[in-house]
Amino acid sequence: MTARKPYRAQRRLYLFRPPAYGRAMFDIKAIRENPKAFDDAWARRGVEPQTARILERDQLIRKAKGMVQEAEAARNAASKQIGLAMREGRKDDAEKLKAEVAGAKNVIAALGTQLEGEQRELHDMLSGLPNLPADDVPHGAGEEDNVELAKWGEPRSFDFTPKAHDDLGEALGQMDFETAAKMSGSRFVVLRGQLARLDRALAAMMLDMQTGEGFEETAPPLLVWPKAMEGTGQLPKFAEDSYSTAEHFLIPTAEVSLTNTVRESILPVDALPKRMTAHTPCFRSEAGSAGRDTKGMIRQHQFNKVELVSICAPEQSDDEHKNMLRCAEAVLQRLELPYRVMELCTGDLGFGARKTYDLEVWLPSQDTYREISSISNCGDFQARRMAARYKAGEKDNRFVHTLNGSGLAVGRTLVAVLENYQREDGRIDVPKALVPYMGGAEIIG
RNA sequence: GGUCAGGUGGCUGAGUGGUUGAAAGCGCUGGAUUCGAAAUCCAGUAUAGGGGCAACUCUAUCGCGGGUUCGAAUCCCGCCCUGACUGCCA
């Protein structure tokens, strides 16, 4: 039995979405004025030149639109005449005009179908294109070209061979993959006792810290419509990475829900920056990662995460980005977990991001740093997709900038605590900051 | 989930097939008046897109999508949302 195959539902969902907001996905005027800038920027992240075919389509659309509008204007004018003629009892004049309108209607219908097709094509073209990297993002092909910006803390030296978190958890009898597999398959886990509590304690501490930084605690929907997923950039390209029901997608991150809170709205400037945080489960099918991190809790279909989202004005977003990085770092520092800050190169940037910092925590069993948070500035990329704007002045509505970051991934933080705080006998010291959240317990096991 | 009633501009609210992108009021902006202000008066006040150097002009939008019609805010269908009643249920 192959368990997971909800693709059909997903495709159906996606095709049924209304075609709203497609045209604004990228600044088409800016592309017309300076196509090279766009192609160059895309090239930096390995995307073929796109503007030629975009502009070609744009030309066709504008031409067709002009003709449609002309025909519509003619129809409207004639219709008004008909109304007048009818009122004045000039029946035959009205009939003559009706014939005229019928002609215009044929033109409108024919051109309209063509126009619709072209607009859809442009929409599909644009919606599948990633964000442009910021100018200062280091160039690179992939993960190996990311740049280390900072290192914090000293990896602990063990006088015994440190165990992997799943060995520790299973030995404690509080991390049970086998039982989870009986009901849900691989990449699920049952946590029990102190480890279940540790998961909650970590989330609670993170939430307390982030709300203390001015992020408003939010409890959003976990199931969202396709258009919300398109808004943040999960669709159309990554449908197979997500789970769906008959009409909803399960959020792969609270970024989707939190960012979409401002969709289709025009915010007053003084509401910015709007900072939100949420502790939610996240659901990912991990379609493309067969065989990677199959052991342990590093890569699960379901995990908890405390997410940070900020909606702000364009001129605020760089500062906002650094602030969110600081807020995420603060959690690792408070837990005294060694980590490093990476700046992603153009080749490793996510679909919607124009600049991203990753936080990687030290995992002794793997003798390496592993991603625990990813903090991205999406610029106006998502805002354009969901029509999220702010009032910059009278008659001056502009797209907001959106940022998101983990503050932090709870599951991976639990992994890091287990591995970094393990004792030779397999028990785990509770990080000092976490003791109050663990009901005073200073040790697990 | 079912039945019924609704969804109109920043807000209130008129409009049930024909110059209605939409009355009126409130709010807001500018101007007149005033020493200044209040009051009053006049004018302006949605969004997106096409064309134009510009003045300007055209198109679309009355929850969303589709249909009927020469013409739809107004009629029909589907969906979304709100309220009332009702069913089931954590």
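For the numbers below, each heavy atom of this structure counts, side chains included, while hydrogens, waters and symmetry mates do not. All values reported here derive from a predicted model rather than from experimental measurement.
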Decide yes or no on side chain to side chain contact (heavy atoms under 4.5 Å, CB included) for A/Met386 and A/Glu264, but give the supporting numbers first. CA-CA 6 Å; A/Met386 59 177 89; A/Glu264 290 159 58; over 6 Å; no

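- Note: A/Phe238 and A/Phe351 have perpendicular aromatic rings, judged against thresholds of 30 and 60 degrees for the angle between ring planes.
- Contact check for A/Met206 versus A/Val410: side-chain heavy atoms found under the 4.5 Å cut-off.
- Nucleotides B/C26 and B/G13 place their C1' atoms 11 Å apart, quoted to the nearest Å.
- Judged purely by atom type and a 3.5 angstrom limit, A/Arg412 has no side-chain atom pairing as donor or acceptor with the backbone of A/Ser373.
- For the pair A/Glu118 CD and B/G50 P, the computed distance is 15 Å after rounding to whole Å.
- Nucleotides B/U34 and B/U47 have their P atoms positioned 35 Å apart, rounded to a whole Å.
- Look at the P atom in both B/C11 and B/G50: the space between them is 27 Å, to the nearest Å.
- For A/Arg75, a side-chain nitrogen or oxygen approaches OP1 or OP2 of B/A60 to under 4.0 Å.
- Pairing for B/A39 is absent, with no Watson-Crick or G-U wobble pair whose two atom distances lie under 3.5 Å.
- Nucleotides B/A46 and B/U20, compared at atom C1', are 15 Å apart to the nearest Å.
- Of the nucleotides present, none pairs with B/C53 by Watson-Crick or G-U wobble criteria with both distances under 3.5 Å.
- In summary, of the residues considered (A/Arg326, A/Arg275, A/Lys274), a salt bridge (charged side-chain N to carboxylate O under 4.0 Å, His left out) with A/Glu320 occurs for A/Arg275 alone.
- Distance from the side chain of A/Ile82 is smallest to B/G18 among B/U69, B/U19, B/G18.
- For B/G9, there is no paired base (Watson-Crick or G-U wobble, both distances below 3.5 Å).
- With B/G18, B/U47, B/A60 as the candidates, the nucleotide lying closest to the side chain of A/Asn76 is B/A60.
- B/U33 is unpaired under the criterion used here, namely a Watson-Crick or G-U wobble arrangement in which both key atom distances are under 3.5 Å.
- In this structure, CD of A/Glu72 is placed 11 Å from P of B/A72, rounded to the nearest angstrom.
- With A/Ser289 contributing its side chain and A/Glu286 its backbone, the two residues share a donor-acceptor pair below 3.5 Å.
- Looking at heavy-atom distances under 4.0 Å, A/Lys96 makes no contact with the nucleic acid at all.
- On the C1' atoms, B/A48 is 24 Å away from B/G67, given to the nearest whole Å.
- Distance A/Glu247 CD to B/C80 P: 8 Å, rounded to the nearest Å.
- Using a 4.0 Å heavy-atom criterion, one finds that A/Arg32 contacts the sugar-phosphate atoms exclusively.
- Base pairing analysis places B/C62 opposite nothing; no Watson-Crick or G-U wobble pair with both distances below 3.5 Å involves it.
- Taking atom C1' in both B/G15 and B/G25, the straight-line distance is 15 Å, to the nearest Å.
- When rounded to the nearest whole Å, the span between CG of A/Asn397 and C1' of B/G49 equals 15 Å.
- For A/Glu116 and A/Gly83, each mapped to the nucleotide of RNA chain B holding its nearest heavy atom, the one lying further toward the 5' end belongs to A/Gly83.
- For the residue pair A/Asp241/A/Ser285, the side-chain donor-acceptor check at 3.5 Å is not satisfied.
- Counting any heavy atom pair closer than 4.0 Å across all strands shown, A/Ala78 reaches no nucleic acid atom.
- The same atom, C1', is picked in B/A14 and in B/U69; the two are 25 Å apart, to the nearest Å.
- Taking atom NZ on A/Lys65 and atom C1' on B/G52, their separation rounds to 17 Å, with Å as the unit.
- At a cut-off of 3.5 angstrom, the base of B/G51 holds no donor-acceptor pair with the side chain of A/Gln69.
- The nearest whole Å value for the distance from the CD atom in A/Glu95 to the P atom in B/U69 is 14 Å.
- Across every strand in view, B/G44 sits in a pair with B/C28 that passes the Watson-Crick or G-U test at under 3.5 angstrom.
- Positionally, the nearest nucleotide of RNA chain B for A/Arg389 lies more toward the 5' end than for the other of A/Arg389 and A/Lys98.
- Between B/G51 and A/Arg62, a contact under 4.0 Å exists linking OP1 or OP2 to a side-chain N or O.
- Remark: B/G1 base-pairs with B/U86; criterion is Watson-Crick or G-U wobble with both hydrogen-bond distances under 3.5 Å.
- B/G18 and B/C76 have their P atoms separated by 16 Å, with the value rounded to a whole Å.
- Remark: A/Asp380 does not engage A/Arg398 in a salt bridge, criterion side-chain N to carboxylate O under 4.0 Å.
- Figure legend. B/C70 is base-paired to B/G18; pairs are counted as Watson-Crick or G-U wobble with both atom distances under 3.5 Å.
- Regarding A/Lys391, its NZ atom lies at a distance of 15 Å from the P atom of B/U45, rounded to whole Å.
- Contact annotation for A/Leu97: no contact, since no heavy-atom pair falls under 4.0 Å across all strands.
- Atom NE2 in A/His123 sits roughly 16 Å away from atom C1' in B/G49 (whole-Å rounding).
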